[in-house]
Amino acid sequence: MRPAPPGTERELLERAVALAGLTLQQVAGRIGWPCPPDLRRNKGWSGQLLEEVLGTDAGSLAEPDFRTLGVELKSLPVDARGRPRESTYVCTVPLESSAGSWEDSWVFNKLRRVLWIPIEADPAIPLPRRRVGAPLLWSPDPRQEALLRRDWEELMDMVCLGELERITAHHGSVLQIRPKAADARALTWGVDASGDRVLTTPRGFYLRSRFTAEILQQHYIIP
DNA sequence: AGCTGATCATAT
DNA sequence: ATATGATCAGCT
């Protein structure tokens, strides 16, 4: 059912281009998946559908989806004007490890090469009829990488200094930290200002939608 | 209308 | 519990 992973970026892009313009129902039908009426009880369904159809090979490891290519796959819900409707989850925030460098960070290693696939997400369109957009293979340009790096360094400084409870989604110009858990009761270990281990909410890094909007505006043409 | 904090599903 | 895939829903 699941195709072999693409061997090259070109092959990956060809597979993705072949999906452009299809509805989610049509894409799901190709691999025998039923299309749910909405995403209410399965928020990641369309992202998982694209993984399955395109043949990712990283599972749920903390690595790019196409590990042999070093390419991360991100679906991007867009409104009628082609603007992202939501922020984009990047990865878990390491709450216990020491600083490390930007180059070694999960954030950088996931975002250095991304295949963005816009998906119509206007709530007026029933999920099965929403169309997949044209794919975009992207790497951050120097300015974008500098913005990401600065946010990451500031946020990770706060994490490492035990200022986790001070971090809100207001921090960061393009990259932010928000809760990432089953619910608000979920707990994991972090470090407080005294350096002691404390239980806290698991967090994730997210890209603000104005950042992904910029990426699409620069490169993407609405079909 | 945009944004933040909360939440849903699955695999290991 | 930790990782992945994300969107929901209420507040400003």
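Letters go in sequence order (proteins before strands), and every chain restarts at 1.
- Straight-line distance from the CG atom of A/D57 to the P atom of B/dA11: 18 Å, rounded to whole Å.
- Residue A/A184 is classed as a sugar-phosphate contact, given heavy-atom separations below 4.0 Å to backbone atoms only.
- Within the 4.5 Å cutoff, the side chain of A/Q176 has heavy atoms near those of the A/R208 side chain.
- Nucleotide C/dT2 holds its P atom 11 Å from the CH2 atom of A/W189, rounded to whole Å.
- Positionally, the nearest nucleotide of DNA chain B for A/R83 lies more toward the 5' end than for the other of A/I177 and A/R83.
- Defined by atom type and a distance below 3.5 Å, a donor-acceptor pair is missing between the side-chain atoms of A/S209 and A/E86.
- A side chain to side chain contact (heavy atoms under 4.5 Å, CB included) with A/L50 holds for exactly one of A/L19, A/T56, A/L115, A/L24; it is A/L19.
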| note | Protein-proximity profile, nucleotides 5-12 of chain C, B/S/- by nucleotide at the 4.0 Å heavy-atom cutoff, equals BBBBS---

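- Electrostatic pairing of A/E145 and A/R143 does not count as a salt bridge here, judged by no charged N lying under 4.0 Å from a carboxylate O.
- The CG atom of A/L49 sits 18 Å away from the P atom of B/dA9 (whole-angstrom rounding).
- Aromatic ring pairs are classed by plane angle as parallel below 30°, tilted from 30° to 60° and perpendicular above 60°; the pair A/F108 and A/W102 is tilted.
- As a whole-Å value, the separation of A/L127 CG from B/dA9 C1' is 15 Å.
- Listed in residue order, the members of residues 162-175 of chain A having a heavy atom less than 4.0 Å from DNA chain C come to none.
- A salt bridge is defined here as a Lys NZ or Arg NE, NH1 or NH2 lying under 4.0 Å from an Asp or Glu carboxylate O, and A/R149 with A/E103 meets this definition.
- For the residue pair A/L73 and A/D65, the shortest heavy atom distance occurs at N-OD2, 2.8 Å.
- Counting heavy atoms from C-beta on, the side chains of A/P77 and A/I119 never come closer than 4.5 Å.
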